[in-house]
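Shown next, in structure tokens, is the structure this report addresses.
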Amino acid sequence: MKELFKILFFVRLGRVLSCFFLIHFAVSASAQTTSFDVSIPWLSPKYVPHSGEFIYIPAIANQGYDQIKPHFTWRHKLGGVSDFNVLVSNLTFLSATQEDLTYLTKFQIDVPTSIQYTSKVSISRGIRSVTVSLFPYVKNNGVIERVSSFKVQLQATQQVVKKKDFVASSVLGDASSKWYKISVSEDGIYKIDKAFLTSMGINVAGLNPSHINIYGNGTGKLPEANSIPRPDDLVKNDILVIGESDGVFDDNDYILFHAWGPNRLKQTTGNLLTREMNPYSTVSCYFIRISDSDIPARISNIASEGTSTTTVNSYNYSVSYELELKSLVGGGQIWYGETFDDVLTRSFQFSVPNIIATEPARFSVSIASNARTSGNQAIFSIGSEVVSTNAIPSIFADYARSVYTFNKANPSASLPLTIEIDRLSPAVVTYLDKIELNARRGLSFVGNYFYFRDLNSVAAGNISAFELLNLPANGFVWDVTDRQHPKRVNGNSAGSVYQFNLKTDSLREFVASNGVSFSVPSFVGTVQPQNLHALEYADLLIVTNPAFVSEANRLADLHRSQNTTVHVVTTEQIFNEFSSGSLDVTAIKWFSKMFFDRANGNPDLMPKNLLLFGDGTYDPKNIVSNANFVPTYQVMNSENHIDALVTDDYFGMMDDNESLGNGDDMDLGIGRMLISTPQNAKEQVDKVEIYMKNGANLSVGTTDCCSGTTDTSGTFGDWRLNYVQIADDEEGGYFIREDCEPQFEHVSANHPEMNADKLYCDAFPQVSGAGGERYPEVFDAITSRVQRGALVVNYVGHGGESGAAQERIITIPQILSWTNLNKLNLFVTATCEFTKFDDPKRVSAGEWVALNPNGGAIALMTTTRSVYFDVNSTTGERFYENVFDRDAEAEPLTFGEIMRRTKNTTNEGINKRSFTLIGDPALQIALPKLRIVTDSINHKSPNLVNDTIEALSK
Ligand SMILES: [Ca+2]
Ligand SMILES: [Ca+2]
Ligand SMILES: [Ca+2]
Ligand SMILES: [Ca+2]
């Protein structure tokens with residue numbers, strides 16, 4: 001851990017010089033176009049430690065890196081509500097320095113021959129900014145140069161129209177209906193008969209079949225980008241009810257309905273189909289509604305449409321093979337299957353009856369390998385024919401993911417694929433992600449049912465004659481293109497051919513059934529009426545696992561007593577209304593977005609904070625664990641332990657043009673409380689109550705205490721004006737010089753009332769012992785500072801899941817010994833994986849700081865993964881620019897708002913999203929309520945509260 005951290009953690013950029021003083025604006029505006037001249041404030045290169053040496057790295061004031069690439073972000077606040085086209089032009093250049101060239105070469109960074117930039121209208125709680133991000137080097141005529149300045153032109157385009165497509169009320173809100181949740185694991189036509197209804201507890205005697213409807217969306221994994229439309233609430237599906245007309249559910253009556261499983265087939269480039277594995281759920285849910293007032297939705301028929309322009313007698317067949325057994329680095333959305341280590345050759349049988357031999361079978365195989373050198377190979381054979389030999393790329397750490405595509409010409413129905421890994425060393429371990437096969441197949445009935453669609457049939461104005469062979473006598477074809485409204489196709493049979501004509505301007509998908517064999521869904525449970533869609537505005541949204549509802553409600557009441565409006569909802573309720581009943585993390589974001597969209601751009605009506613009241617894991621499907629209380633968002637990268645991020649920021653991106661881009665601005669404060677048992681929940685809420693009553697709200701007269709704690713005397717004193725800075729001794733004083741001291745100077749200049757307590761390891765004697773190097777005095781000093789109390793305790797340096805620093809200056813037993821319950825701190829760590837909270841197999845040091853019921857922290861702002869380069873330092877700077885600030889009413893900020901502001905002002909790549917708030921985001925930091933100004937010292941105001949006077953008289 002430490003070694004890697006050393007490699008990565010070595011850069012820190014410019015001090016807290018505001019970029020806006022350094023960038024010269026020459027603004028010229030016309031009716032439509034506004035332009036800005038922007039200079040890049042290059043600094044002298046920084047001399048930083050890297051892998052046991054010191055190197056020079058390029059530096060720009062107030063800017064960071066996008067992983068290893070330097071980058072520059074320009075941001076400008078906009079008025080109005082238009083979208084903009086952004087054009088970057090008029091570049092000027094400076095010679096690159098020798099240090100620049102050495103750096104770019106060392107890290108194999110390609111320099112483009114023209115400027116590479118991205119732009120975005122970023123929106124933060126209704127405030128719009130344009131951001132332009134660029135890589136500040138260009139290769140001109142073969143010579144690498146620095147970009148010195150450029151012009152940004154903004155051209156207003158259309159007015160942004162706010163979407164407000166959330167229904168006012170959920171269908172699940174109808175208390176006069178009975179709701180039954182069912183699930184399926186595959187696409188198919190499902191049958192519900194009397195026995196199934198009875199097994200769910202429905203009294204079929206007296207049930208009118210016309211009172212039955214089925215709801216559900218069949219979306220698969222919800223789209224991550226907010227701009228992609230999706231169904232809201234639950235959509236009523238068209239179903240077929242046999243024996244409905246007599247109003248009686250007879251013994252032989254039944255329902256047929258089409259259900260989509262959790263994984264969706266998607267079209268990719270090159271006319272290929274790929275299956276998107278749902279990373280969150282192995283099932284998809286539907287809801288049976290029994291209601292005498294709900295209008296029955298029933299399948300309609302479609303007749304042939306006009307004269308055909310083309311004939312379809314073959315179709316695009318796609319199948320995928322994928323096992324989910326292992327998360328390679330304990331993070332990310334992708335899970336891997338078979339291991340190629342003890343076994344290096346594995347075979348997979350694919351069978352495609354009626355395959356069209358004149359079209360190649362197209363394979364795609366995804367793997368990941370930890371090869372550290374080149375020379376290893378992945379060899380693919382069909383039968384005895386080697387069809388593709390591929391180099392496995394080498395990677396400096398963890399795994400490299402590769403996707404190999406290859407064709408088998410003249411395929412036959414039997415396609416035995418063999419994957420052989422030819423490795424140079426037994427240390428090379430390779431994992432299979434999935435195999436996908438696309439082939440062209442004759443349109444002939446197979447199995448009990450099958451799906452077909454023909455990408456070739458699609459063209460404007462096309463009417464396709466579909467000619468299906470060998471449809472069984474009872475068989476039928478449904479058009480399932482409209483996901484919740486299948487239609488029965490009315491074709492004609494002539495001999496062995498079933499034929500129908502339909503328009504194919506766009507792709508249509510069909511399922512053919514033998515009319516006899518159907519699947520049966522699983523019963524999940526009854527659903528109580530719920531109506532999250534009808535909730536009104538609230539400041540704070542608490543999302544809890546159903547197991548912790550009572551403590552979540554207690555927490556909500558604490559906030560309500562402070563005039564904060566709160567909703568407490570369960571994950572299950574959210575899934576029912578926002579992801580059709582199955583687990584999907586995006587449903588939680590979409591729940592918040594409903595309130596945000598309804599605010600229609602007015603920040604006063606937007607929720608402020610979202611609290612995730614439950615621990616989560618990287619394992620939402622419970623493949624290796626069962627500890628996923630409030631699920632986490634993991635990024636797609638799943639092969640590198642740094643890049644396979646977990647980030648709760650995802651839940652705070654509310655605008656329509658956002659997902660998780662570097663230029664996306666968080667609109668909500670997000671915090672997570674690491675609760676995995678009801679006891680945890682109680683202890684955590686107790687801590688909030690103690691902090692709230694003894695800390696944040698001491699000045700408003702609520703000094704009575706809580707949960708059996710009656711001694712509040714310890715909460716007085718100077719702790720609320722103290723902060724502790726702890727620095728590791730590694731890297732030639734880097735952490736002191738580039739982190740702690742600049743932060744201290746900023747706080748001294750802007751918040752002179754705050755007292756710093758510096759614990760720099762280098763200032764203490766290091767002692768060699770049996771267990772290695774130690775700093776016993778630092779160890780003791782940290783505990784003594786924590787016990788004495790401090791508003792903020794900040795550690796910067798090396799660390800990992802089991803504690804801080806090689807010399808073990810913070811350890812888990814030590815954390816558990818802390819009893820500072822009346823003086824809980826905000827614990828800030830800028831170190832690797834100190835709080836990798838999403839690992840179900842262990843509780844990290846950071847988690848213990850929060851979980852200690854007798855002390856430790858009220859909240860943490862901490863890293864959940866290792867961090868690249870200077871992200872620690874720049875995030876730390878932005879944190880200290882916000883943590884002691886006040887809002888417009890001179891109130892201390894909430895933890896959520898401190899974190900939101902910190903994130904939105906950090907000019908870094910995605911790695912900044914590794915910083916996570918563990919704690920209640922709606923809790924105000926316990927700064928003294930009344931602002932202290934220097935000239936009040938000698939004229940004690942009668943309004944000054946007791947503790948602040950003590951603080952000042954120290
Ligand atoms: Ca009947
Ligand atoms: Ca997989
Ligand atoms: Ca936003
Ligand atoms: Ca955990």
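Atoms within a ligand are numbered from 1 in the order they appear, just like the ligands themselves. Heavy-atom basis, side chains included; hydrogens, waters and symmetry copies ignored.
Centred on the Ca ion (ligand 1), the angle running from Gly243 (O) to Asp246 (OD1) is recorded as 80°, rounding to 10°.
Screening Asp656, Asp165, Asp232 for a salt bridge (Lys or Arg N to Asp or Glu O under 4.0 Å) involving Lys593 leaves a single residue, Asp656. Here the options are Lys77, Arg125, Arg901, Arg75, the test is salt bridge (Lys or Arg N to Asp or Glu O under 4.0 Å), and the partner is Asp665; only Arg75 passes. Between Ile574 and the choices Asp584, Leu541, Leu583, Val569, the side chain to side chain contact (heavy atoms under 4.5 Å, CB included) rule is met once, by Val569.
Between the side chains of Arg289 and Ser177, at least one donor-acceptor pair of N or O atoms lies under 3.5 Å.
Taking the Ca ion (ligand 1) as reference, Asp250 places its N/O/S atom OD2 nearest. Within Asp665, the N/O/S atom positioned nearest the Ca ion (ligand 3) carries the name O. Within Asp667, the N, O or S atom at minimum distance from the Ca ion (ligand 3) carries the name OD2. The closest approach of Asp253 to the Ca ion (ligand 1), by N/O/S atoms, is made by OD2. As for Glu847, its N/O/S atom nearest the Ca ion (ligand 4) is the one called OE1.
Distance check for Asp615 against the Ca ion (ligand 4): an N/O/S atom falls below 3.0 Å. Under 3.0 Å from the Ca ion (ligand 1) lies no N/O/S atom of Phe249, from backbone or side chain alike. Note on Asp655: counted as a metal contact of the Ca ion (ligand 3), an N/O/S atom lying under 3.0 Å. For the Ca ion (ligand 3), the N/O/S atoms of Ile123 include one lying under 3.0 Å. With 3.0 Å as the limit, Pro840 does not count as an N, O or S neighbour of the Ca ion (ligand 4).
For the pair Lys903 and Phe915, the cation does not sit on the ring face, since its NZ or CZ is not both under 6.0 Å from the ring centre and inside 45° of the axis.
Judged purely by atom type and a 3.5 angstrom limit, Lys589 has no side-chain atom pairing as donor or acceptor with the backbone of Ser659.
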Stepwise side-chain hydrogen bond (donor to acceptor under 3.5 Å, both in side chains) check, Thr874 with Thr906: CA-CA 7 Å; Thr874 43; Thr906 301; 5.8 Å; no
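A heavy-atom distance below 4.5 Å is found between the side chains of Asp667 and Asp655.
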